[in-house]
Amino acid sequence: MHKKLFIPGPVEIHPEILAAMSSPMIGHRMKEYAELHGRVTSGLKKLLFTEGKVFLATSSAFGVMEGAVRNLVGTRCANFCNGAFSDKWHDVTLRCGKQADAINFDWGKPVTPESVDKALSTGKYDSMTMIHNETSTGVMSPLAEIADVMKKYPDVMFIVDTVSSMSAVKLPVDELGIDSCIFGVQKAFALPPGLAVFTASEKALQRAAKMDGRGYYFDFMEFAANDAKDNTPSTPCISLIYAMDRQLDRMFEEGLDVRWARHADLAEYVREWVTSRGFELFPELRYCSQTLTCSRNSRSIDLALLKKRLGEDGFAFDDGYGKIKGQTFRIAHMGDMTRSDLNELFGAIINIMPELA
Ligand SMILES: Cc1ncc(COP(=O)(O)O)c(C=O)c1O
């Protein structure tokens with residue numbers, strides 16, 4: 001039995017996307033691929049509001065997150081850490097042999113503009129990483145305010161993970177001054193996993209060009225050289241790129257404003273459902289994510305049992321991530337989801353635990 005996914009990625013895939021993935025195969029050095037690649041990167045530039053480079057990498061997000069570190073971190077990196085994925089990015093930075101400091105926040109808290117200013121004003125750093133939407137805690141950090149601070153530090157690479165927010169909220173990459181914006185497609189993009197997208201500003205490309213130890217697979221220079229021919233350095237996941245092509249069309253058919261408003265509406269809907277049942281939101285309301293809701297298990301319900309029973313009824317439910325597993329639960333509301341999908345989940349929960357009606 002297929003379990004309908006309400007976990008924060010991978011998410012449910014629309015049948016039109018699955019159909020697009022079964023398009024006949026083409027060779028990636030054929031002109032048909034160049035056409036597909038060009039169309040997809042143009043669509044992405046429109047979605048990301050960028051005139052800079054947009055590259056397609058066949059990997060999960062962490063491949064590119066590691067790649068960005070290898071290409072862009074020179075002297076020292078400030079890794080802003082406020083949850084499992086940003087903590088891991090710090091670890092990855094160190095594993096790449098880079099000098100780096102973790103600037104830590106309690107889980108559930110956002111990265112703040114003040115903390116960014118404080119860290120960068122030391123002059124120690126030539127790069128910073130942060131996660132816009134910490135999927136482990138359901139926190140969306142105030143990116144526009146942080147971007148304003150970053151304008152004071154033009155020599156510091158601004159590297160941002162938008163894995164679970166890209167396309168669900170407006171993220172104008174150039175206006176925000178992001179040097180490399182990175183995301184995988186299995187979350188708010190609602191595609192199967194295996195494709196990651198990243199941008200590179202002119203400044204990022206200049207930095208990368210001088211960097212030792214870029215490796216090959218995620219070498220920004222290789223991506224730039226191949227992009228000039230609407231291509232990728234090595235064989236891409238062509239089926240997923242067909243899927244991306246179709247999904248971008250679907251996003252523009254829906255309308256970006258409508259898509260962002262739908263995500264905002266779903267977020268409010270879920271927050272209202274959980275709080276009216278006595279569960280506290282894990283982050284402060286103003287930092288709550290627009291794509292998933294992380295709630296404290298304030299009523300001490302048996303989350304493991306609920307997850308198991310929902311699984312038997314055909315729903316995949318998340319009972320928290322990392323060190324807050326069991327103390328929190330997360331409901332995803334991203335991608336192609338609608339209120340009626342959420343109503344199905346809520347109905348199933350109440351069926352299992354009538355006390356939550
Ligand atoms: C915010 C964020 N960054 C990075 C990742 C890691 O992505 P991947 O497993 O695709 O490498 C995730 C996965 O959940 C995530 O939510």
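Position 1 is the first residue of the sequence; numbering continues from there. Both ligands and their constituent atoms are indexed starting at 1 by order of listing.
Taking the six-membered ring for Trp and thresholds of 30 and 60 degrees, F220 and F55 have ring planes inclined between 30 and 60 degrees apart.
Within 4.0 Å of ligand 1, heavy atoms belong to protein residues S60, A61, F62, M65, F85, I131, N133, T135, D161, V163, Q186, K187.
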Tell me, with the steps shown, if V11 and M337 meet side-chain contact (heavy atoms from CB on, under 4.5 Å). CA-CA 9 Å; V11 301; M337 206 176 266; over 6 Å; no
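Remark: K53 is not positioned above the aromatic ring of F223, lacking an NZ or CZ atom under 6.0 angstrom from the ring centre and at most 45 degrees off the axis. Taking the ring centre of F282 as origin, the terminal cationic atom of R296 falls outside the region bounded by 6.0 Å and 45° from the ring axis.
Salt bridge K118/E114: absent, no basic N to carboxylate O contact under 4.0 Å.
If you look at Y153 and F158, their ring centroids are not closer than 6.0 Å.
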